[in-house]
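Predicted model only: the values in this text are computed from it and were never measured. Nothing fancy with the numbering, it's 1 onward along the sequence.
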Amino acid sequence: MTSEICTRDAADAQSVPVVPDSMLSFHLKRAEQAIVARKAHGVRDLDITEAQCKVLGYLTGGVAKSCTQLSREALVTSQTMTGIVKNLEVKGLVERHASPDHGRVMLVSLTAAGEERAAAAKSFSQRIEQGLRDVMSEADYVQLVALLDRVAALAPEVDAKAVE
C-alpha cells in the first residue's frame, strides 16, 4: 500500500509543475509562448507559419535582405532561415535575386502576394495585441510595459556572484 501511495504521489508531482514565484524567466516565457501560440494559430488560416509570418514582416517596406540578415533579425541560424525562405518562395510570397552590390549574395524580397499576406498577418497580430490590451486596465498595461522595460534594462547588469 505504501508503494501505491508513493507511485501516485510521484505521478501527481509529474503532472503539476511546481514553479516558485521567484522564477521570473519562467513567467515571462510562459506569457510569450501563450501570445505566440495564439498568433501562430491565427496565421495558419493564412497558410503560413509563425516563423514565415515574422520573415514577411521583416521584408515589409520594400527592403530586400539576404538570408544572413534575416537570420540575424530572427535569431535563427542561416540554415534555418534558408529553409523558411525556400518555403515562402514555393508559396509565391517571396522571390530571390542577385544583389546589385555583391553578385554572389542573393537578396529576398516580397512578391505582390507576399505583401498582401504580410499585411493580413500584421492586421491579425495587431488585433491580438489590442485584444490583450483591451482586457487590461490602462494602468495595468502601462505598469506591465514599464516593468518589462525595467527587466530588460536591469538584466544585463545583474551580478550573478552577488546573488549566490
### Task
Just grab all the side chain to side chain donor-acceptor pair (under 3.5 Å) pairs involving residues 48-62, residues at least two apart or on different chains.
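Passing the test, one end in residues 48-62: Gln52-Lys91.
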So, the side chain of [X] versus the backbone of [Y]: is there a donor-acceptor pair under 3.5 Å, distance only?
X      : Y      : result
Arg133 : Tyr141 : no
Thr111 : Leu93  : yes
Thr82  : Ser78  : yes
Ser71  : Thr68  : yes

Check whether [X] and [Y] end up in the same hydrophobic cluster, where Ile, Leu, Val, Met, Phe, Trp and Tyr are linked by side-chain heavy atoms less than 4.5 Å apart.
X      : Y      : value
Met106 : Val76  : no
Leu144 : Leu28  : yes
Met136 : Val151 : yes

### Residue pair Gln69 / Ala64: nearest heavy atoms and the distance that separates them
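Closest approach of Gln69 to Ala64: OE1-O, 4.4 Å.
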### Task
Compare every heavy atom of Val135 with every heavy atom of Leu132, then report the nearest pair and how far apart it is.
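The answer is O-CG2, 3.1 Å.
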[X] [atom1] to [Y] [atom2] distance, which is reported to the nearest 0.5 Å:
X      : Y     : atom1 : atom2 : result
Arg117 : Asp47 : CZ    : CG    : 6.0 Å
Leu107 : Glu95 : CG    : CD    : 11.0 Å
Phe124 : Arg38 : CZ    : CZ    : 4.0 Å
Lys65  : Arg72 : NZ    : CZ    : 12.0 Å
Lys122 : Cys53 : NZ    : SG    : 11.0 Å
Ser66  : Arg96 : OG    : CZ    : 11.5 Å

### Task
Give a yes or no on whether a salt bridge exists between Glu32 and Lys29, defined as a side-chain N under 4.0 angstrom from a carboxylate O.
yes
### Message
Assess whether a salt bridge exists between Glu129 and Lys39, defined as any Lys/Arg side-chain N lying under 4.0 Å from an Asp/Glu carboxylate O.
### Response
yes
### Message
Under the side chain to side chain contact (heavy atoms under 4.5 Å, CB included) test against Val145, which residue among Val142, Leu148, Leu147, Asp149 passes?
### Response
Asp149
### Task
Find out whether Val108 and Glu89 are in side-chain contact, i.e. whether some heavy atom of one side chain is under 4.5 Å from a heavy atom of the other.
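In short, these two side chains do not touch, never coming nearer than 4.5 Å.
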### Query
Would Val94 and Leu56 satisfy side chain to side chain contact (heavy atoms under 4.5 Å, CB included), going step by step from the backbone distance to the final call?
CA-CA 8 Å; Val94 300; Leu56 294 178; 4.2 Å; yes
